[in-house]
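Everything below concerns the one structure shown next.
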Amino acid sequence: MRRFLLRVAHALLCTALVFVAGDVEPQAPTRLVSVGLGGGGTVPIGDYSSDAKTGWHGGGYLQYEPTANIWGVRGEAWFNRSAFTEEFLGATGAAPDNGASNSTLYVGAAAVLLGNKRDASVTPYLLGGLGVYRLTATLEDTASSIRTSVSENGFGFNGGAGVRLGRGAGVFIEARYHQYSFSSDGESTTYAFIPVTIGIRF
């Protein structure tokens, strides 16, 4: 029995030494600022879905995360582009082959709440932000090669969730709801869309 207890004690001591050695190993420096670049599909919803088709988007962000915290802030810019629906073109009297399209440029800031420690290999997160949205409608007359465009600015908000893979550089996937309003010819219009993004973070 004594010999058995000595073996158990020796095993426990070896295990403890392994954990201690692991704790004292130098760790990679914590990254306070990260850059994200990505793109994906943009799905218009509500009234916007009657005017625009599913499109694409691209952009990026600069994100700051304090050490040993589960929150961060980011500044970002995203460009969304899609074609108008036949219903919208018919209502405006434009032909489907006139190269009509619309784009939305979003520039703003967002707060990020991380779901666990920031050095985890898989990190879910929530985010929400505010910003300026610039909607541009473009129409090109294929017969005369004349292109015209009209732009409107609005203010809006967004929120969503995502997950990132990797402690430092890695991949992120997120989906967000965007809503903004603008005034045109004395009337207020509200548009909403959901971009689904996949990108790299470094």
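For clarity, every value in this text was computed on a predicted model and none was experimentally measured.
Sorted by first then second residue, the salt bridge (Lys or Arg N to Asp or Glu O under 4.0 Å) pairs that include residues 123-133, not counting sequence neighbours, number zero. For residues 183-202, the set of pairs meeting the ring-ring contact (aromatic ring centres under 6.0 Å, His included) definition, not counting sequence neighbours, comprises Y48-Y191, H178-F193, F182-Y191.
At least one side-chain heavy atom of Y61 sits under 4.5 Å from a side-chain heavy atom of F172. Using a 4.5 Å cut-off on side-chain heavy atoms (C-beta onward), T54 and P44 make contact.
S50 meets the side chain to side chain contact (heavy atoms under 4.5 Å, CB included) test with E87; sequence neighbours excluded. Applying the side chain to side chain contact (heavy atoms under 4.5 Å, CB included) criterion to A137, with sequence neighbours excluded, gives F84. Residues meeting the side-chain hydrogen bond (donor to acceptor under 3.5 Å, both in side chains) test with Y106, sequence neighbours left out: E76, N158. Under the rule for a side-chain hydrogen bond (donor to acceptor under 3.5 Å, both in side chains), the partners of T42 that lie at least two apart in sequence or sit in another chain are H57, N80. Residues forming a side chain to side chain contact (heavy atoms under 4.5 Å, CB included) with V107 (at least two apart in sequence, or on another chain): A77, L105. Under the side-chain hydrogen bond (donor to acceptor under 3.5 Å, both in side chains) criterion, T85 pairs with no residue, sequence neighbours left out. Remark: V150 pairs with E152 by the side chain to side chain contact (heavy atoms under 4.5 Å, CB included) rule, at least two apart or across chains. Shown here are the side-chain hydrogen bond (donor to acceptor under 3.5 Å, both in side chains) partners of S82, two or more places apart in sequence or in another chain: N102.
Atom CD1 of I198 is separated from atom CD1 of I173 by 4.5 Å, given to the nearest 0.5 angstrom.
Of all heavy-atom pairs between T123 and G115, the closest is CG2-N, 4.4 Å. Nearest approach of Y64 to V33, heavy atoms of both residues: CD1-CG2, 4.1 Å. Scanning both residues, L37 and G60, for their nearest heavy atoms gives CD2-CA, 4.1 Å. Residues L126 and A161 come closest through the heavy atom pair CD2-CB, 3.8 Å. Of all the heavy atoms in G38 and W78, the pair that sits closest is O-CZ3, 3.6 Å. Shown here for G72 and E65, the closest heavy-atom pair between the two residues is CA-CG, 4.1 Å.
Remark: the S181 side chain and the T190 side chain contain an N/O donor-acceptor pair separated by less than 3.5 Å. No side-chain donor-acceptor contact under 3.5 Å links R134 and T104. Between T136 and S151, the side chains place a donor N or O and an acceptor N or O closer than 3.5 Å (distance only, hydrogens not considered).
Transitive grouping of hydrophobic side chains (ILVMFWY, heavy atoms separated by less than 4.5 Å) keeps V196 and V163 in distinct clusters. Each of Y177 and F79 belongs to its own hydrophobic cluster when Ile, Leu, Val, Met, Phe, Trp and Tyr are linked at side-chain heavy-atom distances under 4.5 angstrom. In terms of hydrophobic clustering, with Ile, Leu, Val, Met, Phe, Trp and Tyr side chains grouped at heavy-atom distances under 4.5 Å, L130 and L127 are assigned to different clusters. Under the 4.5 Å side-chain heavy-atom criterion for ILVMFWY residues, a single connected hydrophobic cluster contains both I200 and L62.
Ring centroids of Y133 and F157 are separated by 6.0 Å or more, keeping the two rings apart.
Between E174 and R201 there is no salt bridge, since none of the side-chain N atoms of the basic residue sits less than 4.0 Å from a carboxylate O of the acidic one.
In D47, the CG atom is not crowded: 12 or fewer heavy atoms of neighbouring residues, nucleotides or ligands sit closer than 6.0 Å.
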Inset, instruction - Evaluate the criterion side chain to side chain contact (heavy atoms under 4.5 Å, CB included) for residue pair I194 and I45; output intermediate values, then yes/no. - result: CA-CA 7 Å; I194 298 178; I45 60 177; 4.1 Å; yes
Inset, instruction - Give the C-alpha distance, both sets of side-chain angles, the deciding distance and a yes or no for side chain to side chain contact (heavy atoms under 4.5 Å, CB included) between V132 and Y180. - result: CA-CA 8 Å; V132 177; Y180 68 99; over 6 Å; no
Inset, instruction - Show the numbers, then the answer: is there a side chain to side chain contact (heavy atoms under 4.5 Å, CB included) between K53 and E86? - result: CA-CA 9 Å; K53 299 179 180 179; E86 285 74 12; 3.1 Å; yes
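Side-chain atoms of N69 come within 3.5 Å of backbone atoms of T67 as a donor-acceptor pair (strictly under, hydrogens ignored).
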